[in-house]
Amino acid sequence: MSVDTAAIETVNQEFYTAIESGDLDKMTDIWAEDTADDQVSCVHPGWTLLAGRQEVLRSWALIMANTTYIQFVLTDVNTTVLGDVAVLTCVENILTAGEEGESSFAAGKVVASNVYLRTSQGWRLWMHHGSPVLQGDDDEEEEDELER
């Protein structure tokens with residue numbers, strides 16, 4: 001593993017740790033600054049495109065304020081470094097708590113693409129895109145058929 005790959009995967013883990021702990025200050029540190037020509041962007045599962053650092057960070061503040069518990073287990077992590085840009089893809093295996101006052105949990109999967117830029121402050125997140133993986137009884141039946 002290259003030094004850049006290790007650094008990117010460390011920042012990526014810090015991104016998910018910030019979500020889990022509801023640490024908006026850490027989240028703010030992880031995201032890149034907008035430039036004169038381009039803005040950071042984010043697509044949460046089921047949301048429309050958010051563009052601009054202020055709008056993206058506001059979305060994370062809303063998510064963190066309304067999430068009582070969330071845990072990410074990342075699998076299928078793949079990191080590609082192309083000069084000063086890196087693309088990290090992964091599967092987010094997510095466990096969340098039910099509504100406040102309930103003792104239920106929900107699980108789901110999201111396929112995520114995270115694009116990082118090398119800056120003078122280190123690697124910073126430029127784009128996050130999460131797409132839900134729909135699962136149901138039909139998926140289990142198809143897997144059983146493929147295994148036969």
Side-chain angles (χ1 to χ4, degrees), residues 1-102 104-136 138-140 142-143:
M1 179 181 305
S2 76
V3 172
D4 285 336
T5 299
I8 293 155
E9 291 181 4
T10 297
V11 172
N12 195 67
Q13 187 57 55
E14 290 171 358
F15 169 63
Y16 289 99
T17 300
I19 301 168
E20 290 175 341
S21 62
D23 189 341
L24 189 58
D25 290 335
K26 184 63 179 171
M27 182 65 72
T28 301
D29 291 343
I30 290 167
W31 279 88
E33 298 287 337
D34 292 335
T35 68
D37 298 325
D38 292 304
Q39 296 179 315
V40 299
S41 63
C42 182
V43 178
H44 299 292
W47 292 37
T48 60
L49 173 69
L50 302 173
R53 182 176 162 85
Q54 185 175 359
E55 187 173 354
V56 168
L57 291 174
R58 184 178 313 122
S59 74
W60 286 111
L62 287 170
I63 290 169
M64 291 175 182
N66 291 290
T67 303
T68 56
Y69 176 84
I70 191 164
Q71 179 182 5
F72 293 88
V73 176
L74 304 181
T75 57
D76 303 318
V77 176
N78 186 351
T79 306
T80 303
V81 180
L82 304 165
D84 290 338
V85 177
V87 177
L88 185 147
T89 58
C90 63
V91 175
E92 303 170 352
N93 299 278
I94 306 169
L95 181 64
T96 58
E99 296 296 318
E100 198 168 325
E102 293 183 18
S104 63
F105 287 88
K109 283 187 177 188
V110 171
V111 175
S113 299
N114 298 322
V115 177
Y116 291 89
L117 297 178
R118 187 190 320 262
T119 71
S120 58
Q121 295 81 34
W123 290 98
R124 295 294 181 259
L125 188 56
W126 181 252
M127 187 275 301
H128 169 76
H129 186 159
S131 180
V133 176
L134 302 178
Q135 295 178 312
D138 292 343
D139 293 336
E140 292 174 12
E142 287 177 19
E143 287 178 12

Subject >> Set of side-chain contact (heavy atoms from CB on, under 4.5 Å) partners for Ser21, sequence neighbours left out >> reply: Asp23
**OP:** Could you name each residue pair satisfying salt bridge (charged side-chain N to carboxylate O under 4.0 Å, His left out) that touches residues 104-114, not counting sequence neighbours?
**Re:** none
**OP:** Please list, chain by chain and in numerical order, all residues satisfying ring-ring contact (aromatic ring centres under 6.0 Å, His included) with Phe72, sequence neighbours excluded.
**Re:** Tyr16
Subject >> Reported CD-to-CG distance for the pair Glu14 and Leu125, which is rounded to 0.5 angstrom >> reply: 11.5 Å
Original post:
If we only count heavy atoms from C-beta on, is the Val87 to Asn114 side-chain gap below 4.5 Å?
Top reply: no
**OP:** Please check if atom CD in Gln54 has more than 12 non-hydrogen atoms from other residues, nucleotides or ligands closer than 6.0 Å.
**Re:** no
Original post:
Going through the checks in order, is the side chain to side chain contact (heavy atoms under 4.5 Å, CB included) test met by Leu74 and Val91?
Top reply: CA-CA 6 Å; Leu74 304 181; Val91 175; over 6 Å; no
Subject >> Summary of salt bridge (charged side-chain N to carboxylate O under 4.0 Å, His left out) pairs that have at least one residue in residues 77-89, sequence neighbours excluded >> reply: Asp84-Arg118
Original post:
Which residues satisfy the side-chain hydrogen bond (donor to acceptor under 3.5 Å, both in side chains) test with Ser41, sequence neighbours excluded?
Top reply: none
Would you give me the side-chain donor-acceptor pairs under 3.5 Å for residues 75-83, sequence neighbours excluded?
residue : atom : partner : partner atom : Å
Thr75   : OG1  : Asn93   : ND2          : 3.0
Thr79   : OG1  : Glu9    : OE2          : 2.8

Original post:
In chain order, what residues pass the side-chain hydrogen bond (donor to acceptor under 3.5 Å, both in side chains) check against Thr48, with sequence neighbours excluded?
Top reply: none
Original post:
Which residues pass the ring-ring contact (aromatic ring centres under 6.0 Å, His included) test with His129, sequence neighbours left out?
Top reply: none
**OP:** Any chance you could measure Thr67, atom OG1, to Glu20, atom CD, to the nearest 0.5 Å?
**Re:** 11.5 Å
Original post:
If you look at every heavy atom in Ala97 and Phe105, which pair is closest and at what distance?
Top reply: CA-CD2, 3.9 Å
Original post:
With sequence neighbours left out, what residues match Pro45 under side-chain contact (heavy atoms from CB on, under 4.5 Å)?
Top reply: Val110, Pro132
**OP:** Output every pair passing salt bridge (charged side-chain N to carboxylate O under 4.0 Å, His left out) with a member in residues 51-62, not counting sequence neighbours, ordered by first then second residue.
**Re:** Glu33-Arg53
Subject >> Tyr116 side chain reached by Asn12 side chain, heavy atoms, under 4.5 Å >> reply: yes
**OP:** Not counting sequence neighbours, which residues clear side-chain hydrogen bond (donor to acceptor under 3.5 Å, both in side chains) with Thr5? List them please.
**Re:** Ser2
**OP:** Name all residues meeting the side-chain hydrogen bond (donor to acceptor under 3.5 Å, both in side chains) criterion together with Thr96; count only those two or more places apart in sequence or in a different chain, and write none if there are none.
**Re:** none
**OP:** Taking all heavy atoms of Leu88 and all of Ile8, pick out the closest pair and write down the distance.
**Re:** CD1-CG2, 4.2 Å
Subject >> Check: His128 and Val56 side chains under 4.5 Å, non-hydrogen atoms >> reply: no
Original post:
Do you know which two heavy atoms are closest between Val40 and Ala32, and how far apart they sit?
Top reply: CG1-O, 3.5 Å
Original post:
What is the minimum heavy-atom distance between Thr89 and Ser113, and which atoms define it?
Top reply: CG2-OG, 3.8 Å
Subject >> Minimum heavy-atom distance Ser59-His44, with the two atoms named >> reply: OG-NE2, 2.9 Å
Subject >> OG1-NZ distance between Thr17 and Lys26, expressed to the nearest 0.5 angstrom >> reply: 9.0 Å
Subject >> Sub-6.0 Å ring centroid separation between Phe15 and Trp60 >> reply: yes
**OP:** Looking only at non-hydrogen atoms, find the nearest pair between Glu92 and Ala112 and report the distance.
**Re:** OE2-CB, 3.3 Å
